[in-house]
Amino acid sequence: MSEKTVTRFAPSPTGYLHVGGARTALFNWLYAKKTGGIFILRIEDTDLSRNTPTAMQQVMADLKWLGIDWDEGPGVEGPNGPYLQSQRRDIYDKYLKQLLEEKKAYYCFDTPEEVQVLRDKAAAEKKNFTYPRPENFPDESDAEKAKAQGKPVTVRFAVPNDKPIVVNDIVRGEVTFAASEIGDFVIQKRDGFPTYHFACVVDDELMGVTHVIRGQEHLMNTPGHQVLQAALGFRTPVYAHMSVTVSEGGGKLSKRERGKRLRREIIDNPSAYLLDAIKTEPEQFERFLDDNATPKDSSLINKWAEELGVDSTIIATAAAKNGGGNRSLRNEMINKSEAALAHKIGSTPSEVKKFKEGKVAFDEPIIIGEAEYLDLDLPEINVVDFLRGGYLPETMVNFLALLGWSPGGDREIMSRDELISSFDISRLAKSNSLFDRKKLISFNVEHLKLVDKEKLLSHFKDYIKIIDSPVLKADDALLSTLIKICEGARTLEDIEKKSRFFFSDSDNIEYDPKAVKKVLLKEGALDILHVIRGKLADMEPFTEEALEAMLRALAEEKEVGLGKVAQPLRVAISGTMVSPPIFDSVKILGKENTLARIDNTIEKFKS
RNA sequence: GGCCCCAUCGUCUAGGUAGGCCUAGGACACCGGGUUUUCAACCCGGCAACAGGGGUUCGAAUCCCCUUGGGGCUACCA
């Protein structure tokens, strides 16, 4: 009788779901779907200090967005629950007791510092560190005594060191480990919670997990898990250790990257977030700059100058000066700026200071808030970043699946169903791969074309909701039209950006300075606008066809390219040089708004 | 440092488990050209790789070894 396959994804709720985790989840899900098995979501929340309250909800939301659903897990429940490890303490305790009684595990009372000393010593001797197992295991009363004395009490598993341990891995083949390499590892922490190794082994057994597909970073843990399974009389599931997804920097794609990047930015560039503080203390501004490390980047200098309404030479001059006195003023300003930043992101000045010093890690929402405040693009690491970036879940699933897996041949763009039917666990790649955002975009372009109309509409609605766009004002029919005329967009963000201007106040258009300079202020542009205005006013009916005929005729009459007449009109109605096709745009905007915007534009820029 | 894993165009990869069908295929990026009312999209063309060195073999991208390079683990995190 063939056993039903059971796979699982077991994230720890420490933050949003990142792409590496999503990929792991996807492969497990794909394999379960392919084989008609079941996919379990298990939350590994055995480290209280690292858990963040919203993380589990967010991880589940992200999985759902990707279309990865679970047959058992939080919100679904099933025969093997509960699915939060923090709610399974009694189960782990039972097995722990068994191990202790069978003398397969033992109590330890050292502090982490004491163990660290041993570790350092081993490193100094160029030796592999393994925990020195005592000859006689402490008994229950010793543990009680130690506890009474306030010593930490942990439990270690006594790894049998008689024979090498062979891991039979689907992607790597046979990997052999010397038993002496695997030290007695901790299975119960001092707070009474099991460690990952123990909880994972117990749960995989009890939940009937048949296949464990996980990152290569777990390969070294596997021999330990296997000996634990043997000691407990458990099965050993089939293992498949996938390659790791690395980031441009080289190392493993990590969620910590964002925090690091942010911290570096704040430290390297303190002035960037001094803006608010500076604005409130203009008279101290120049003095402050004397003592502050300002960036060498001239574009930033110009930006500040513009925002502060001062001449850029003031900043440039200040930037050229180095050091100087005024330390107390500087500190005062820094304090003010930290307060400003903290206020902006809903944190406290002391937290900001600690973050800068690397003492605390901010929650993702705070990191996002800070990044927005600083106008900083953080590396996209989390699944939500891609949702916010206007990517389709279909794109993400397809792209992630192809990182470290391939159906063979030339196939690349695939639907979810095609992915499932062609998925083959034996085709997992051994080597690491890089997450290439450029290629992701091209996948998105393809899926934008492939996804059916209704689905795309619903994706777009989700998107404008999450970024709280003015486009929210449109009804479904208008939304569909907008999507249609933005054909060729690379992301939902493209569509949204091109569509915004339809929903702004005609008497209050924001003009992009570059567009003004390049188009509106050009010789004759305003005159042409004037002519267009006249023709538009009389146009009846007001259709794309009529608009096109009119503009083309005008271009011909003036003996210029269509661009010469279309561009001024585009800037007049949108304030920018980029919009959907001009005929559609004008039609959608309507005669009244178009005329108003042309009038306002001429009024504003006539010399 | 120790242990483990990996190695085809800049990137993702096909081919490798049955060595000759590979003068190494596709996709993205890039470069050149075309289309064009903007941005995109689109069309055509081009550049570009078996890390190095030894073996085994009539024959190696494919098998073995070494070197080099990259990655992972080395927690009372998962």
Side-chain angles (χ1 to χ4, degrees), chain A residues 10-14 44-47 49-50 85 108 110-112 115-116 119 122-129 152-156 167 169 171-173 175-178 181-183 185-191 193 195-197 199-200 215-223 241 243-244 246 248 250-252 399 402-413 426 429-443 445 448-449 486-490 494 497-498 515 519 548 551-552 555 561-567 569-571 574 576-583 585:
Chain A
S12 58
T14 54
E44 309 220 322
D45 55 349
T46 55
D47 185 356
S49 64
R50 295 209 322 159
Q85 291 186 328
C108 292
D110 359 53
T111 62
V115 181
Q116 189 56 43
R119 235 191 293 276
E125 291 167 3
K126 298 184 193 298
K127 279 202 296 231
N128 174 231
F129 169 76
V153 178
T154 59
V155 177
R156 278 178 194 267
V167 173
D169 189 272
V171 352
R172 323 237 160 224
V175 185
T176 307
F177 298 85
E181 283 298 325
I182 302 154
F185 51 93
V186 174
I187 54 178
Q188 188 184 42
K189 299 183 264 186
R190 102 168 79 170
D191 62 6
F193 272 88
T195 59
Y196 157 72
H197 306 290
C200 170
Q216 191 215 203
E217 64 267 27
H218 287 291
L219 185 56
M220 295 299 285
N221 296 148
T222 308
H241 288 95
S243 59
V244 171
V246 299
E248 274 93 342
K252 193 171 82 173
F399 188 75
L402 258 28
L403 241 39
W405 175 77
S406 144
D410 295 344
R411 297 184 70 196
E412 283 205 322
I413 301 296
S426 69
K430 292 178 177 169
S431 45
N432 293 170
S433 51
L434 192 104
F435 192 92
D436 180 359
R437 287 168 177 84
K438 292 257 184 65
K439 186 152 184 170
L440 212 220
I441 290 181
S442 92
F443 267 51
V445 171
L448 242 12
K449 285 186 246 179
C486 289
E487 204 178 33
R490 297 151 69 98
D494 282 357
K497 275 191 174 156
K498 274 187 178 179
V519 179
E548 178 160 4
L551 290 175
R552 287 198 189 280
L562 225 204
K564 279 277 186 261
V565 317
Q567 278 308 78
L569 180 56
R570 191 187 311 280
V571 178
S574 74
T576 70
M577 289 189 290
V578 177
S579 84
I582 192 67
F583 315 125
S585 297

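None of these values were measured; they are calculated from a predicted model.
- Considering only side-chain atoms of A/E217, the nucleotide from B/rC73, B/rC77, B/rC76 that sits closest is B/rC73.
- Across all strands, A/D169 comes closer than 4.0 Å to no nucleic acid atom at all (heavy-atom distances).
- If you check B/rA78, B/rC76, B/rA14 against the side chain of A/R119, the one that comes closest is B/rC76.
- The base of B/rG26 lies close enough to the side chain of A/E412 for a donor and an acceptor atom to sit less than 3.5 Å apart.
- With both pairing distances under 3.5 Å, B/rG59 is matched to nothing as a Watson-Crick or G-U wobble pair.
- Remark: P of B/rC76 and CD of A/Q188 are 14 Å apart, rounded to the nearest angstrom.
- For A/F177 against A/V167, the heavy-atom pair with the smallest separation is CE1-CG2, 3.7 Å.
- When the C1' atom is used for both B/rU36 and B/rC44, the distance is 16 Å, rounded to whole Å.
- The closest side-chain heavy-atom distance from A/V571 to A/S579 is not below 4.5 Å.
- Between A/T46 and A/S433, it is A/S433 whose nearest contact on RNA chain B lies nearer the 5' terminus.
- Rounding to whole angstrom units, CZ of residue A/F399 and P of B/rA27 are separated by 16 Å.
- More than 12 non-hydrogen atoms from other residues, nucleotides or ligands lie less than 6.0 angstrom from CD of A/Q116.
- Summarising the geometry of A/Q85 relative to A/D45, their closest heavy-atom pair is N-OD1, 3.1 Å, with the distance given to 0.1 Å.
- The same atom, C1', is picked in B/rG26 and in B/rG69; the two are 27 Å apart, to the nearest Å.
- For the C1' atoms, the distance linking B/rU56 with B/rC66 amounts to 15 Å, nearest Å.
- Distance CD (A/E44) to C1' (B/rC77): 11 Å, rounded to an integer number of Å.
- Under the Watson-Crick and G-U wobble criteria, each requiring two contacts below 3.5 Å, nucleotide B/rC3 is paired to B/rG72.
- With sequence neighbours excluded, the residues that form a side chain to side chain contact (heavy atoms under 4.5 Å, CB included) with A/D191 are A/L48, A/K189, A/F193.
- In this structure, A/L551 and A/L569 have side chains that are in contact, with non-hydrogen atoms separated by less than 4.5 Å.
- The separation of B/rA51 from B/rG25, taken at their P atoms, amounts to 16 Å, rounded to a whole angstrom.
- Counting to the nearest Å, the C1' atom of B/rC12 and the CZ atom of A/R437 are 14 Å from each other.
- Spacing between atom CZ of A/F185 and atom P of B/rC73 amounts to 17 Å, rounded to whole angstrom units.
- Using C1' as the reference atom, B/rC47 and B/rA27 are 16 Å apart when rounded to the nearest Å.
- The residue A/H197 sits close to a base: some heavy atom pair falls under 4.0 Å.
- Comparing the P positions of B/rC12 and B/rG70 gives an interatomic distance of 16 Å, to the nearest angstrom.
- Nucleotide B/rA40 is matched to nothing when pairs are restricted to Watson-Crick or G-U wobble geometry with both distances under 3.5 angstrom.
- In this structure, the side chains of A/I441 and A/R437 stay at 4.5 Å or more apart for every pair of heavy atoms.
- Within 4.0 Å of A/D191, counting heavy atoms only, lies no atom of the nucleic acid at all.
- B/rC73 and B/rC43 have their P atoms separated by 42 Å, given to the nearest Å.
- Summarising the geometry, the separation between CZ on A/F129 and C1' on B/rA75 is reported as 11 Å, rounded to the nearest angstrom.
- For the pair A/R570 and A/P580, the tightest heavy-atom approach, listed with the atom from each and the gap, is NH1-O, 3.2 Å.
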Completion exercise
5' to 3', nucleotides 2-8 of chain B under a 4.0 Å protein heavy-atom cut-off (B base, S sugar-phosphate only, - none) gives SBSBSS-
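- The two atoms that bring A/C108 and A/R156 nearest to each other are SG-CD, 3.4 Å, heavy atoms only.
- Base-pair partner of B/rC30: B/rG46 (Watson-Crick or G-U wobble, both distances under 3.5 Å).
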Practice task
Classify every nucleotide of nucleotides 29-48 of chain B by which part a protein heavy atom approaches to under 4.0 Å, writing B for the base, S for the sugar-phosphate alone and - for neither, in 5'-to-3' order.
Solution key: S-------BBBBSS------
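- Taking each heavy atom of A/Q216 and A/R172 in turn, the nearest pair found is CG-NH2, 3.7 Å.
- The nearest whole Å value for the distance from the CD1 atom in A/I413 to the C1' atom in B/rC12 is 12 Å.
- On the C1' atoms, B/rA14 is 15 Å away from B/rC21, given to the nearest whole Å.
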Practice task
Test side-chain hydrogen bond (donor to acceptor under 3.5 Å, both in side chains) on A/R50 and A/T14 and set out the steps.
Solution key: CA-CA 6 Å; A/R50 295 209 322 159; A/T14 54; 4.5 Å; no
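- Between A/P112 and A/R190 there is a side-chain heavy-atom pair separated by less than 4.5 Å.
- A close approach under 4.0 Å does not occur between any side-chain nitrogen or oxygen of A/K189 and OP1 or OP2 of B/rA75.
- The distance between atom CG of A/L434 and atom P of B/rG69, rounded to the nearest whole Å, is 20 Å.
- Among the nucleotides B/rC73, B/rC12, B/rC77, the one closest to any side-chain atom of A/T195 is B/rC77.
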